[in-house]
Undergrad: 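Structure provided below as structure tokens; questions to follow.
Lettering follows sequence order; numbering is per chain, from 1. All values below were derived from every heavy atom in this structure, side-chain atoms included, with hydrogens, water molecules and symmetry-related copies excluded.
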Protein chains: 2
Amino acid sequence: MPGMAEDRGVDLGRELSTAVVMFHEAVGQHLGVSAGDQRALALIRGGPLSAGALAKEIGLTPGAVTGMIDRLEAAGLVRREVDPNDRRRILVGSTDSGISAHSGLFDELAAAMRRMATRYTPAEQAVIDDYVVRTVAILRGQTERLTERKQSGKR
Amino acid sequence: MPGMAEDRGVDLGRELSTAVVMFHEAVGQHLGVSAGDQRALALIRGGPLSAGALAKEIGLTPGAVTGMIDRLEAAGLVRREVDPNDRRRILVGSTDSGISAHSGLFDELAAAMRRMATRYTPAEQAVIDDYVVRTVAILRGQTERLTERKQSGKR
DNA sequence: GGATATATTTTAGTACAGTGAATTAAAACA
DNA sequence: TGTTTTAATTCACTGTACTAAAATATATCC
């Protein structure tokens, strides 16, 4: 039943999704980084990763990951370091300049988001936070569902 | 000042952004449609568009758009129709099966979102809706900012 | 310590989406 | 009606990211 009142949240969600994706693409173009590479960057942001771990995480062959790291390194966004515990491994981590280049683009957005947050009472902000946290959880679950379905379909 | 309490909204926003993008990518892979083509699909969803309008909107050459429509058409997601008013033009519109294929993937997500919405009182839902609407507006504005900056940088 | 296994890189080849220019068809204009 | 403009497609080419497999370097295991 499209158009029902309770679907307003869904439609809003779709709009939000589109807006997020378009912003993301704009950031990528601005940094000169492809959409695929950005996924890697997001992972690396969470902490240094070995090339192999990265390959596994994003579903590419080791050779492809080498090229990807090359690109990101050339752009000054990440840095290779030899793993002291296992010198075959490299650890890929964010560079300071990479973080700030990225953050720089987000600064205005972050400022606008903070400004907006002041519109709400603490209680309202708590509701919003709760909503966002739950939405993230749902999205992650649904992403996993799709990914798994696809993988099982492939084999 | 990273880590401050008022940045919680920003960090949550980043997580939400990543989750949305990853979900979007999963949907694209599932439909066998590249990320770029999905932008076109989103535009077409809003109503039939001529090939030229599509080219202008997504910043590709007419030749590239022809190929893109070919791909989407081969996937059964869109349909070409000759514009009755100007027979040089074609209008690209969503197919029923394209809509349902797409919606199908979103159905579970939509259901989960609706289920989550029931957790909130009407007043809380109003706050959330307001938040989402404002966030979308901010994202669109920031996207435009980045896009313009990039274009001016290019010339 | 030497054989085997593992991590990354390198290399050669492939696939594909993009550009720019030529082509075809229809509309607009004078 | 004939010329010019506009819309989409086709064509030849290019750039780039990918895979698979070989090469290199280090770790692990008897």
Undergrad: Starting at the 5' end of DNA chain D and moving along, which residue's nearest nucleotide shows up first, G59(A) or P84(A)?
TA: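 First, find each residue's nearest nucleotide; the 5'-ward one identifies G59(A).
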
Undergrad: Side chain of D86(B), heavy atoms from C-beta onward: which of dA26(C), dC18(D), dT19(C) has the nearest atom to it?
TA: dA26(C)

Undergrad: For the pair made of CZ in R87(A) and P in dT28(D), what is the distance, rounded to whole Å?
TA: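 After rounding, the gap between these two atoms is 12 Å.
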
Undergrad: Give the cluster check for L12(A) versus M22(A): same hydrophobic cluster or not, with ILVMFWY residues linked at side-chain heavy-atom distances below 4.5 Å.
TA: no

Undergrad: What is the distance, to the nearest angstrom, from the CD1 atom on I90(A) to the C1' atom on dT6(C)?
TA: 14 Å

Undergrad: Would you tell me if any nitrogen or oxygen in the side chain of R71(A) comes within less than 4.0 Å of OP1 or OP2 on dA17(D)?
TA: yes

Undergrad: Using only side-chain N and O atoms of T61(B), determine if any of them is under 4.0 Å from OP1 or OP2 of dT19(C).
TA: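 It does, given that an N or O in the side chain of T61(B) lies less than 4.0 Å from OP1 or OP2 of dT19(C).
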
Undergrad: Is it true that, when you exclude R119(A) itself, more than 12 heavy atoms of the residues, nucleotides or ligands shown sit nearer than 6.0 Å to its CZ?
TA: no

Undergrad: Any sub-3.5 Å donor-acceptor pair from T95(B)'s side-chain atoms to G76(B)'s backbone N or O?
TA: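 Yes: the side chain of T95(B) pairs with the backbone of G76(B).
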
Undergrad: Tell me: CG of L54(A) to C1' of dT9(C), nearest whole Å?
TA: 15 Å

Undergrad: Taking atom C1' of dT19(D) as reference, at what distance in whole Å does atom CD1 of I58(A) sit?
TA: 14 Å

Undergrad: Nearest nucleotide by nearest heavy atom, which residue falls closer to the 5' end of DNA chain D, L60(A) or D83(A)?
TA: L60(A)

Undergrad: In whole Å, I'd like the distance from the CG atom of L72(A) to the P atom of dA17(D).
TA: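 For the pair L72(A) CG and dA17(D) P, the rounded distance is 10 Å.
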
Undergrad: Taking the side chain as everything from C-beta on, heavy atoms only, tell me whether Y120(A) gets closer than 4.5 Å to R134(B).
TA: yes

Undergrad: Please give, in whole Å, the distance from dA28(C) C1' to R89(B) CZ?
TA: 12 Å

Undergrad: Look at all strands and tell whether G52(A) reaches a base, only sugar-phosphate, or nothing, counting heavy atoms closer than 4.0 Å.
TA: sugar-phosphate

Undergrad: Over how many whole Å does the gap from K56(A) atom NZ to dT6(C) atom C1' extend?
TA: 13 Å

Undergrad: Rounded to the nearest 0.5 Å, what separates atom CG in L146(B) from atom CD in E144(B)?
TA: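 L146(B) atom CG to E144(B) atom CD measures 10.5 Å (nearest 0.5 Å).
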
Undergrad: Give the nucleotide from the list dT26(D), dT9(C), dA8(D) with an atom nearest to the side chain of T66(B).
TA: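 My answer, after comparing the listed nucleotides, is dA8(D).
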
Undergrad: Send over the distance from I69(A) CD1 to dA7(C) P, rounded to a whole Å.
TA: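 Nearest whole value for this atom pair: 14 Å.
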
Undergrad: Has R80(B) got a side-chain N or O lying under 4.0 Å from the OP1 or OP2 atom of dT9(D)?
TA: yes

Undergrad: With nearest nucleotide decided by heavy atoms, which residue, R88(A) or D70(A), maps closer to the 5′ end of DNA chain C?
TA: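 Nearer the 5' end of the strand: R88(A).
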
Undergrad: Picking from dT8(C), dT9(D), dA27(D), which would you name as closest to the side chain of A51(B)?
TA: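 Nearest to the side-chain atoms of A51(B), counting from C-beta on, is dT9(D).
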
Undergrad: What contact category does S50(A) fall into here, base, sugar-phosphate, or nothing, at under 4.0 angstrom with non-hydrogen atoms?
TA: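 Sugar-phosphate, backbone atoms only, no base.
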
